[in-house]
K.L.:
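Dropping a structure here in structure tokens format, bear with me for questions.
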Protein chains: 2
Amino acid sequence: MLNITRKVEYALIALRHMQSKNNTDLTSAKEIATKYGIPQQLLAKTLQQMARDGIIKAVQGPAGGYKIAANLKSISLKDFFEKLEGPLGMMDCYFDSECLQITNCNIRIPIQRINDNMRSMFSKMTLQEITQ
Amino acid sequence: MLNITRKVEYALIALRHMQSKNNTDLTSAKEIATKYGIPQQLLAKTLQQMARDGIIKAVQGPAGGYKIAANLKSISLKDFFEKLEGPLGMMDCYFDSECLQITNCNIRIPIQRINDNMRSMFSKMTLQEITQ
DNA sequence: TTATATACGATAAATTTTGTCGTATATAAT
DNA sequence: ATTATATACGACAAAATTTATCGTATATAA
Ligand code: FES
Ligand code: FES
């Protein structure tokens, strides 16, 4: 329970890999996929998403690839997670109010409190801390 | 991402409901299921599991039901979650080492650090805080 | 004896996650 | 120009997990 997704895991692995290289070097999806045993197409899509989000920069064509574009210190884990996977919380009724239990729900407030704790925790951690 | 399961949600709703009653009163699965719009059989199984774990006490027969048996202050959310759903962590490779990425993995250590933070956070919160 | 409650393994449905396919575009090298 | 290799991305498929139901047994108050 309270797992992150493979997508996020792959994204973190990729970021850390790029971080370990010279900042001018490009890294292809294939290089990372091969080295860490990750499905290439899935990783590629995740990298593309990060490129759209401005976290990394994409260069097309042969000898192309990706490199880190943003200052990882300035991106919190919370923001990173939410960019890749949407709202971060223990329960969806925290965000959308379609919950079936919502009329009589007796744990909404306490759960929100815990949610806030968790979100606050991930707000205080930056991507840099993982990929350094 | 980082969601708890319905099972845990239902368990918390049930606990809070029982907590709001006199400590000698019994509450049936049906009563809770009806009031909060929860599938009865699923809730029943969850209550049974909590009974096995000693969190609540079951009384069989007509006019039977459940009541809180443990001191909720003494049960951390971490322990509660893990009783119901098993190991608590952002990634399974934290516990079992069958992970495909494990040989070359470059984020194992940093992820473990975050995991420890998260587990520590839930260790400090008790069931009482949710059901009070 | 009946009605109602818990107990629980097995199974099914639904949802979410994870992975693949096909096609288009960009660009360096030949 | 042509080729080879890389990103871009929507649609689809497979797999895994979560959620819910079924069937049957047992307990016990009325
Ligand atoms: S509002 Fe959704 S479970 Fe409480
Ligand atoms: S050890 Fe499993 S992803 Fe790193």
Side-chain angles (χ1 to χ4, degrees), chain A residues 1-11 13-14 18 25-34 36-67 69 81 84-87 90-92 96 98-101, chain B residues 1-11 13-14 18 25-34 36-67 69 81 84-87 90-92 96 98-101:
Chain A
M1 207 175 55
L2 296 168
N3 285 238
I4 62 173
T5 61
R6 291 273 180 206
K7 188 164 132 190
V8 167
E9 176 189 336
Y10 297 158
I13 290 177
M18 289 186 255
D25 290 355
L26 293 177
T27 310
S28 72
K30 188 178 183 183
E31 175 182 332
I32 298 173
T34 302
Y36 299 98
I38 298 173
Q40 180 173 340
Q41 304 244 48
L42 182 55
L43 173 64
K45 295 184 75 160
T46 306
L47 293 169
Q48 285 155 27
Q49 188 177 351
M50 284 199 281
R52 279 196 299 272
D53 288 337
I55 300 171
I56 57 182
K57 174 166 175 17
V59 175
Q60 287 196 333
Y66 304 88
K67 65 175 182 178
F81 288 165
L84 290 185
E85 297 286 2
M90 305 210 311
M91 287 166 56
D92 291 340
D96 93 54
E98 305 278 331
C99 179
L100 287 174
Q101 275 77 44
Chain B
M1 207 174 55
L2 297 166
N3 284 237
I4 63 175
T5 61
R6 291 272 179 206
K7 189 165 133 189
V8 167
E9 176 189 334
Y10 298 158
I13 289 177
M18 288 186 254
D25 290 355
L26 292 177
T27 309
S28 72
K30 187 178 183 181
E31 174 183 332
I32 299 173
T34 303
Y36 300 98
I38 297 173
Q40 180 172 340
Q41 304 244 50
L42 183 54
L43 174 64
K45 295 185 74 160
T46 306
L47 292 169
Q48 284 155 28
Q49 188 177 350
M50 284 199 282
R52 279 195 300 270
D53 288 337
I55 299 172
I56 58 182
K57 174 165 175 16
V59 176
Q60 287 196 333
Y66 303 89
K67 65 175 182 176
F81 287 166
L84 290 185
E85 298 285 2
M90 304 211 311
M91 287 165 57
D92 292 340
D96 94 54
E98 305 278 333
C99 178
L100 288 174
Q101 276 77 44

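Nothing here was measured: the structure is a model prediction, and the numbers come from that model. In the text below, chain A, chain B and the rest are named by the order of the sequence lines, each starting its count at 1.
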K.L.:
Among C:dT6, D:dC9, D:dC22, which is the nearest nucleotide to the side chain of B:Gln60?
P.N.:
C:dT6
K.L.:
Find the distance B:Lys57:NZ to C:dA5:C1' and express it as a whole number of Å.
P.N.:
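Whole-Å distance recorded here is 14 Å.
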K.L.:
Any sub-3.5 Å donor-acceptor pair from B:Lys7's side-chain atoms to B:Leu84's backbone N or O?
P.N.:
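Here the side-chain-to-backbone pair exists.
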K.L.:
Can you tell me how far C1' of C:dT20 sits from NZ of A:Lys45, to the nearest Å?
P.N.:
9 Å
K.L.:
Taking atom P of D:dT7 as reference, at what distance in whole Å does atom CG of A:Leu43 sit?
P.N.:
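To the nearest whole Å, that distance equals 9 Å.
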K.L.:
Between C1' on C:dT18 and CD on A:Gln41, what's the gap in Å once rounded to a whole number?
P.N.:
13 Å
K.L.:
Output the rounded distance in Å from CG (B:Leu42) to P (C:dA10).
P.N.:
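Those two atoms, CG and P, are 18 Å apart.
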K.L.:
I want to check one thing: is the phosphate of C:dG19, taken as OP1 and OP2, less than 4.0 Å away from some side-chain N or O of A:Tyr10?
P.N.:
yes
K.L.:
Between B:Ile32 (CD1) and C:dA5 (C1'), how many Å, whole number?
P.N.:
13 Å
K.L.:
By the 4.0 Å heavy-atom rule, please label A:Ala29 as base, sugar-phosphate, or nothing.
P.N.:
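Contact class for A:Ala29: sugar-phosphate only.
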K.L.:
What closest approach, in Å, do B:Met1 and A:Val8 show between heavy atoms, and which atom pair accounts for it?
P.N.:
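Nearest heavy atoms, B:Met1 then A:Val8: SD-CG2, 3.7 Å.
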K.L.:
Without decimals, in angstroms, what is the distance between B:Gln48 CD and D:dT21 P?
P.N.:
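Nearest whole value for this atom pair: 15 Å.
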K.L.:
Quick one: pull up CG in B:Asp53 and CD in B:Gln48 and give me the separation to the nearest 0.5 Å.
P.N.:
12.0 Å
K.L.:
From B:Tyr66 OH over to B:Thr27 OG1, what is the distance, rounded to the nearest 0.5 angstrom?
P.N.:
11.0 Å
K.L.:
Quick one: is A:Arg52 getting a side-chain N or O under 4.0 Å of the D:dC9 phosphate, OP1 or OP2?
P.N.:
yes
K.L.:
Across all strands, who's sitting opposite D:dA30 as a Watson-Crick or G-U wobble pair, both distances under 3.5 Å?
P.N.:
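Base-paired to C:dT1.
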K.L.:
By nearest nucleotide on DNA chain C, pick out whichever of B:Val59 and A:Val59 is the more 5' one.
P.N.:
B:Val59
K.L.:
Applying the Watson-Crick and G-U wobble criteria at under 3.5 Å, what pairs with D:dA11? Answer none if nothing qualifies.
P.N.:
C:dT20
K.L.:
So do A:Asp25 and A:Lys67 actually touch side chain to side chain, heavy atoms under 4.5 Å?
P.N.:
no
K.L.:
Just call it for B:Ala44: base, sugar-phosphate, or nothing, with non-hydrogen atoms closer than 4.0 Å on any strand.
P.N.:
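Here B:Ala44 touches no strand at all.
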K.L.:
C:dT6, D:dT19, D:dT7: which one has an atom nearest the side-chain heavy atoms of B:Arg6?
P.N.:
D:dT19
K.L.:
Round to a whole Å and report the spacing from CG of A:Leu47 to C1' of D:dC9.
P.N.:
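Going from CG in A:Leu47 over to C1' in D:dC9 covers 14 Å.
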K.L.:
Of B:Gly61 and A:Pro62, whose closest DNA chain C nucleotide lies nearer the 5' terminus?
P.N.:
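That would be B:Gly61.
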